Trainee: 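Pasting in a structure now, in structure tokens, and then I'll have a few things to ask.
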Amino acid sequence: MGTVRIGSGQNGGVYVLVRQTSGGDVLVDTLDDAGLPSEAARLTLTEFAVFVSTLESSTRESASGDPAAPRWVWEDTARIYPVLLAAGIRVQRCHDLRLCHMILKNSALTMTSELALAAPGPWDVASVGMPDQAEPRATLFDFDVHADADGSGESGTAREFRRQLDAVASAPDSGRMRLLLAAESAGALVAAEMRYAGLPWRTDVHDLLLTRELGPRVAPGLRPERLELLVRRIRSELGDATLNPDSPQELVKALQRAGLAVSTTRAWELKKLEHPVIEPLLQYKKLSRLQSANGWIWMESWVIDGRFHPDYVPGGVVTGRWATRGGGALQLPKQIRGAVIADEGWKLVVADAAQLEPRILAALAQDMSMALAGRGSDLYAGIVASGVVETRDHAKVAMLGAMYGATTGESGRLMPRLARAYPRAIALTEAAARAGERGEVVTTRLGRSSPIPGPDWHAAQDLAYELAATATDERRARSLARDWGRFTRNFVVQGSAAEWALCWMAEIRRELTALPSPDAGTERSDEAQSTTLAPGARAPFDAAPHLVFFLHDEVIVHTPAAQAEAVANIIVNAAEAAGRLLFGDFPVDFMLTVATVDNYAQAK
DNA sequence: AGGAGTAGCGCG
DNA sequence: AAAGCGCGCTACTCCT
């Protein structure tokens, strides 16, 4: 193992370039400000873990004057960080080259950079970042390790990093892009940590909830009692002894035979109908959904040792929101949230950003009136108090319409009043929509840009301008243009809200790790230990507060009960900090509802 | 038999 | 056409 000297880097910290080789070793370089490597060392994974641990712990309690934590520059957090976590090691900061590449490649703010102008390379292939596909990923590392095409001695990874730094520097107001990349990378750390730690999940309680709703568990393939009874009622009401209510086709026909004028079997359509089959049918739909999406099979495949470990995918949505893969973590129905229960002696702090997207819109547009409507209170209530609409529900429907692009119905009718009261905010959403209709790109607060429409879209627009274009062609082109306009309209708000949420979480994470443990410096008795160690958790998350869940505008922290209050404060302060990071001094409040509870169902 | 597409519904 | 954004997942359905 070679020695690795610490070079100088941004903010007094140091960049450390980490490359995984196909042989399983890790190449480590320290980099200077320009992204140039100084010395390289080849480490085994075990040596690497020790190296990381040493560098992190020497800076963890950094008082002023101590060096800041290194920023680990690596290709893919999702791939390398779990290795460290499994060894009980956390890092403070990283730069995720894969995620940052995507942002920089697409952003309108870095369009003229070398990185954006380069022909698609290995950093652009779709397979990169897909952890379940081990095969295609090896090619990237092979490429990287051997790539020295220009004879500069610079690895592909180092070159990519340098290009990224250059691209950032080329952006107007580059601080924002720098913040976005830091937030995106911090999100990747959070995602890996949350997956590793898992969401506390009591399968016994889950089983109880299921049994209460569906009846006792039965063999796979059979219907639980309550579902079976409902199917019998439905069949007898419709006079069809073999009807499968899960088949929309069969069901529509059976309903039509019963004299009901329906073309779909959607629940909200059925609700409008008057017929004795409707009640059991709606109930069946609700319960069978619970059974198939989050029933016993789900429980056994996704909950391990009392923890739900979903696979979060940062940047998995075009707008910058996260996606998840497997387990449907972002769709946990309220019905079963009662199974999310803090460990003995621990609490869940559940926090939710209230009316996040309208507040984001107000700040984006620098719309002072709208910001004031949300100052210190419910934004929708504030809109009502300003006399713009009569009820909170109207305010909400109108706002959603403005952000989603509603044109008809109640939402469409209320919009003009909103536009009169908040011209700046509405002008921003309209401008974003018009840009999309023209096929242009729109960009979030920190610099994530929308994709350009595909070839079919452009073909349809071109066709509408041909002399031979029919009315149908024109209608089709206009409809597609409006669809894309609604997408870009929403992109700006949803994407900026996602950036706020990333900053929020990054702040929460940073402050949580800085939180002193209550028993620091004292000898911990076995008894005290039993109340602070989470039995189901894994080091380094078994004794300290940590994030366990994230849902677009909501977080859950699992914490020893004694620290719950401190955690709640951190979360509130982090929201304020995130607002300042994105919008400086613009006086928009980001209100939270925070609840300290034993189980998730108690929040809200 | 297995893959792609659709319907429907859960979440924000 | 729920009136309008973004997702993931399951079961059914159609196609090869």
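Each chain gets a letter, A, B and so on, in the order its sequence line appears, and its residues count up from 1. Because the structure is a prediction, the values reported are computed rather than measured.
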Trainee: Can you tell me how far the SG atom of A/Cys100 sits from the CE atom of A/Met177, to the nearest 0.5 Å?
Mentor: 9.5 Å

Trainee: Could you check whether A/Gly316 gets within reach of a base, just the sugar-phosphate, or nothing at all, counting any heavy atom under 4.0 Å?
Mentor: nothing

Trainee: Please measure how far the C1' atom in B/dA7 lies from the corresponding atom in C/dA2, and state the result in whole Å.
Mentor: 16 Å

Trainee: Heavy-atom distance under 4.5 Å between the side chains of A/Asp96 and A/Glu184, does that happen here?
Mentor: no

Trainee: Tell me, for nucleotides 1-12 of chain B in 5' to 3' order, what letter each nucleotide earns: B for a base near a protein heavy atom under 4.0 Å, S for only sugar-phosphate near one, - for neither?
Mentor: ------SBBBSB

Trainee: With a 3.5 Å distance limit and no angle check, can you tell me whether A/Ser107 reaches the backbone of A/Ile103 through a side-chain donor-acceptor pair?
Mentor: no

Trainee: Could you check which nucleotide pairs with B/dA1 in any of the strands shown, counting Watson-Crick or G-U wobble with both distances under 3.5 Å?
Mentor: C/dT16

Trainee: Taking A/His206 for the side chain and A/Asn294 for the main chain, is one N or O donor matched with an acceptor at less than 3.5 Å?
Mentor: yes

Trainee: Whether A/Gln249 contacts C/dC14 is assessed here as follows: a side-chain N or O lying under 4.0 Å from the phosphate OP1 or OP2. Is that the case?
Mentor: yes

Trainee: Specify whether A/Phe590 and A/Phe583 have parallel, tilted or perpendicular ring planes, treating 30° as the upper limit for parallel and 60° as the lower limit for perpendicular.
Mentor: parallel

Trainee: Heavy atoms only, 4.0 Å cut-off, all strands: where does A/Val493 land among base, sugar-phosphate and nothing?
Mentor: nothing

Trainee: Using a cut-off of 4.0 Å on non-hydrogen atoms, how would the nucleic acid contact of A/Gly328 be classed: base, sugar-phosphate, or nothing?
Mentor: sugar-phosphate

Trainee: Watson-Crick or G-U wobble partner for C/dG4, using a 3.5 Å limit on both distances?
Mentor: none

Trainee: Hey, does the side chain of A/Thr408 come within less than 4.0 Å of C/dA1's phosphate (OP1/OP2), counting only N and O?
Mentor: no

Trainee: Can the ring centres of A/Trp504 and A/Phe550 be said to be less than 6.0 Å apart?
Mentor: no

